[in-house]
2 protein chains.
Amino acid sequence: MVKPERGPRERMVFSAAQLIRRDGVEATGMRDVAAHAGAPRGSLQHYFPGGKEQLVAEALRWAGRYAADRVARFLAAMERPTPSGLFAAMVGQWTDEYRTSGFAGGCPVAAATVDRAQSSETAREAAADAFAAWTRPVADALTGMGVPAARSEPLATLMIGALEGAIVIARAERDVRALTTVARELGPLLDAAATEA
Amino acid sequence: MVKPERGPRERMVFSAAQLIRRDGVEATGMRDVAAHAGAPRGSLQHYFPGGKEQLVAEALRWAGRYAADRVARFLAAMERPTPSGLFAAMVGQWTDEYRTSGFAGGCPVAAATVDRAQSSETAREAAADAFAAWTRPVADALTGMGVPAARSEPLATLMIGALEGAIVIARAERDVRALTTVARELGPLLDAAATEA
DNA sequence: CCCTCGTTATGACAGCTGTCATAGTAGCCC
DNA sequence: GGGCTACTATGACAGCTGTCATAACGAGGG
């Protein structure tokens with residue numbers, strides 16, 4: 001998650017996602033977002049007339065697209081893609097971050113769901129859309145690897161669910177143990193689904 | 001999660017857990033907790049001189065014990081316990097709640113991790129302890145069902161991780177799909193680990 | 001030069017937060 | 001009754017929140 005040099009609007013959306021995944025939605029203030037993005041405070045009401053609601057929703061949309069792009073990139077980097085290999089890459093992104101940069105942040109979509117699912121319908125919908133945008137390419141990839149069509153989406157949900165849960169546990173424990181565990185335990189199951197056809 | 005008729009102190013701890021799992025730690029105010037518990041506001045500083053930090057930590061301890069007790073009760077209710085049966089019971093608790101009471105709340109431990117892992121060391125530790133208190137009886141149960149000792153704890157972590165992730169997804173989607181999916185997909189894997197011995 | 005429009009600047013607003021100081025009450029033991 | 005302890009009540013505090021009103025800037029076109 002490196003900050004690209006885009007316009008101030010895009011930087012604020014990115015910064016919002018960054019801060020949300022660190023501190024949660026509620027603890028992330030609009031003034032913090034502008035400061036983190038190096039954007040003027042006055043631009044907030046100009047670019048996001050819908051207020052925090054809109055900013056959070058756009059941050060989640062961004063996160064969903066980002067996750068989907070990562071999946072595509074993982075697949076492109078593997079010469080002989082396997083379900084376990086894809087899952088290992090998805091998990092590896094998090095173990096790498098935690099090992100090199102510490103356990104400061106989690107998944108922004110999960111954070112928004114925990115903080116806002118009950119209090120903001122638009123945030124909840126945006127989170128659901130983000131999960132859907134993430135699940136789709138994973139499921140498609142599984143199908144492409146020989147997983148029966150009927151099981152691709154369930155298995156993709158299992159992968160993302162196990163990853164999300166492991167992220168939470170790892171962050172609480174400040175240990176990547178949970179992440180490496182789910183990757184190791186789930187790998188054979190995923191590969192088996194691709195070969196039984 | 002039915003409210004027992006205990007003293008005001010215990011009621012406040014319980015109410016804190018209840019509100020945290022609904023709205024997150026940050027959005028849960030001390031005044032809200034007292035009101036929800038039907039306890040006087042003045043009792044907060046009397047019972048919890050450590051402030052919100054202490055209240056949150058105790059709520060997480062309570063949640064960890066509660067989860068562990070539920071596992072023990074699930075096991076006691078099964079005449080021939082199997083790993084998949086235990087997992088189905090754990091997931092079933094959530095599908096039942098969501099189907100009958102709506103998707104208002106998630107797991108308080110996950111909520112605290114998302115909101116406070118970075119900002120409060122004691123809350124983070126309390127969350128890690130809660131996960132540990134929950135994992136232990138699950139792993140012990142797996143061992144008792146014939147799962148090799150070396151795989152019991154990893155599989156318990158996988159179960160709890162997948163459940164936590166599915167809770168988040170289900171709450172975002174307002175659909176139990178993710179929960180039923182992980183229970184169905186993971187069941188055979190768990191039972192296989194118990195019989196290969 | 002002036003006018004316009006996308007952007008920014010600034011200050012204010014009510015509302016809420018956790019925390020604290022202080023006082024008050026109820027009950028029990030001596 | 002006096003004194004002690006456990007608990008409750010209440011009001012205040014500074015600090016922060018999201019939002020808004022208002023004004024100023026700055027470049028580009030007429």
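The structure presented is a predicted model; accordingly, all values stated were derived computationally and were not measured. Below, chains carry the letters A, B, ... as their sequence lines are ordered, and counting in each starts from 1.
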Margin query: So that I can tick it off, tell me whether A/E97 and A/R21 are bridged by a salt bridge, with the cut-off set at under 4.0 angstrom between side-chain N and carboxylate O.
Written below: yes
Check: Thinking salt bridges, do B/R124 and B/E121 make one under a 4.0 Å N-O criterion?
Finding: yes
Checklist line | A/D32 side chain near A/H36 side chain, heavy-atom distance below 4.5 Å | finding: no
Note to self: With heavy-atom distances below 4.5 Å as the criterion, would you say the side chains of B/E26 and B/R116 are in contact?
What the structure shows: yes
Closest contact, heavy atoms only, [X] versus [Y]:
X	Y	result
A/D115	B/G24	OD1-CA, 4.1 Å
A/A162	A/F87	CB-CZ, 4.5 Å
A/A63	A/P108	CB-CG, 3.9 Å

Margin query: Reading DNA chain D in the 5' to 3' direction, which nucleotide is the first one with an atom under 4.0 Å from a heavy atom of chain A, and which is the last?
Written below: D/dT17 to D/dA21
Next item on the list: Please check if B/V182 and B/F131 belong to a single hydrophobic cluster, counting links between Ile, Leu, Val, Met, Phe, Trp and Tyr side chain heavy atoms closer than 4.5 Å.
Entry: yes
Notebook entry, point to check: Is there a path of hydrophobic side-chain contacts, each under 4.5 Å between heavy atoms of I, L, V, M, F, W or Y residues, that connects A/V114 with B/I169?
Noted result: no
Next item on the list: May I ask you to check whether A/D191 and A/S84 show a side-chain donor-acceptor distance below 3.5 Å?
Entry: yes
Check: Considering residues at least two apart in sequence or located in another chain, which fulfil the salt bridge (Lys or Arg N to Asp or Glu O under 4.0 Å) criterion with A/R177?
Finding: A/E173, B/E153
Note to self: What residues from residues 25-34 of chain A pass a heavy-atom cutoff of under 4.0 Å to DNA chain D?
What the structure shows: A/T28, A/G29, A/M30, A/R31, A/D32
Check: Using a heavy-atom distance cut-off of less than 4.0 Å, which residues of residues 120-127 of chain A contact DNA chain D?
Finding: none
Item checked: Pairs meeting criterion side-chain hydrogen bond (donor to acceptor under 3.5 Å, both in side chains) with involvement of residues 125-145 of chain A, two or more places apart -> A/T143-A/S152
Item checked: Contacting residues from residues 44-56 of chain A, given that a heavy atom lies under 4.0 angstrom of DNA chain C -> A/Q45, A/H46, A/Y47
Note to self: Check the phosphate of C/dT7 against A/S43, side-chain N and O only, distance under 4.0 Å to OP1 or OP2. Yes or no?
What the structure shows: no
